[in-house]
Amino acid sequence: MVARMHPPNTKTQYISSRGKETFGFEEVVMSGLARDGGLFMPTALPDFRADLHAWKHLSYPEMALKIMRPFVDLQDATLRELLSKSYSPFRDTDVTPLRRVGRIWLLELFHGPTLAFKDVALQFLGNLFEHYLSRSGNRLNLLGATSGDTGSAAIHGVKGKKNIAIAVIFPRGRVSQIQERQMTTVPDSNIFCAAVDGSFDDCQRLVKDTLRCLDFRDRFALGSVNSINWARVLAQTVYYFHAGIRVLAATGANQMSFAVPTGNFGDIFAGYLASRMGLPIKRLILATNENDILARFFQNGIYARGKAKATLSPSMDIQVASNFERYLYYRTASNPEQTRMLMEKFEKTGKITTNDLPPPLEPEVFTAGSADTTATLQTIKEYHTLHNCLLDPHTAVGVHVAKPYLEENIPLICLATAHPAKFPKAIAQALGRDIARHETLEALKDLPARCDNLPPDPETFRNFLANHFN
Ligand SMILES: *Cc1c(COP(=O)(O)O)cnc(C)c1O
């Protein structure tokens, strides 16, 4: 074994939400999910309350360095370099700029390579992977099933990187043209895409079954990209601080609220962490589309699985929110045994309720609502007519649900999670014409595409992987 150049910082410790053992940051990043099925959680959180004022002029990468410092066992110079590499491809110098629109603030998270907020985390994760692999000399072959934005953001996070390859599968004909071309036109030799004759669930099953074949998994050093990786959540807490601190400085307010269009509970959980680390958040407004399992939980106290329905905001068409376990862990006062029992109960019965949970230790910062198709289209139209501002359908869900929470002296920041040009059909439906454009998406039309076709069959899928991975 090669000796480590950088001894791990023993202060940075993680635990599984279902276990007792502790882990370092590198293992947490490289393995994604704990072996006992739990999600990695830090054993302690820093308190930044006293620092916020002094940070108001920090650039995005400088702020990221401050926030991530206590969590990451890399030397400052290394972390700084990885951050600068991750955020220089963003098209705005502020990385995630804030824009005043009517009475709200829009936090534009879509200036990365694939025009959705997932770039903020996946650009950084790709660079972290590359760094750890070059240090260990190992290889990593990633698998991903996608119904939309995750696949392309993951591909753009790892394309051209050494010691790493990725295969992304998606249901044939069920992702948008634009989303498909954002994946299949990437020319780098470490990227492989396949369209599966089946549903998104079939794709996800192929990935899960393959990861469960331990021989195959070890032979090809397989890993997965999904929203449960701790580094993704950590990267997302940064923009809550970056935006929150700026809005406090601009308005003189003492608190702010955030509205977050939510699917897997990853993005809004990052906001919850920011609040636990001292950002004075009055409300975290959780907004869902008609797939409202999370909204129902925060409204009625019942978390019950339903059937996923296709909507105008496909990246939120999710019924079981994989990061919700992290919230349960905090609700049980960081009790892994109780978290495991709750998750087992949910897996068995499809339901848990607040009666299964201890009461919250402090007043809940969460509030929730949902927006149906009509409300989403109306909100897009209203913002275009009144403010000449185009909202993508996910952002419109958040803006709609946030409306009743506009308060005096509490600035309201709505997360804009995708560029409207990614969802031209919804824009056309709302406005009667398709006017959302972005130059990078226009350019995709002329590029050659590479994509295989696969039946929803595990053995064919493993052969496909064996042909491409080494
Ligand atoms: C993924 C996604 C969401 C939902 O984020 P979660 O972290 O899954 O809650 C919202 N909007 C867009 C555009 C997305 O791609």
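All figures in this text were calculated on a predicted structure; none of them were measured in a lab. Read the numbers this way: they start at 1 and go in the same order the structure lists the ligands and their atoms. Scope of the values below: all heavy atoms of this structure, side chains included, with no hydrogens, waters or symmetry mates.
Partners of P42 by side-chain contact (heavy atoms from CB on, under 4.5 Å), not counting sequence neighbours, listed by chain and number: Y14, L45, F71, W230, Y330. With sequence neighbours excluded, the residues forming a salt bridge (charged side-chain N to carboxylate O under 4.0 Å, His left out) with D149 are K422, listed by chain and number.
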Exercise. Test side chain to side chain contact (heavy atoms under 4.5 Å, CB included) on E325 and R18 and set out the steps.
Key: CA-CA 9 Å; E325 182 167 349; R18 303 185 196 181; 2.7 Å; yes
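Between F297 and F265, the gap from one ring centroid to the other reaches at least 6.0 Å.
Protein residues are said to neighbour a ligand when one of their heavy atoms lies under 4.0 Å from it; for ligand 1 these are F117, K118, D149, P261, T262, G263, N264, F265, G266, D267, S315, M316, H394, T417, A418.
In this structure, H242 and Y60 have perpendicular ring planes: the angle between them is above 60°, well past the 30° mark.
Residue pairs meeting the side-chain hydrogen bond (donor to acceptor under 3.5 Å, both in side chains) criterion with at least one partner in residues 104-116, sequence neighbours excluded, are R99-E108, E108-H111, T114-D119.
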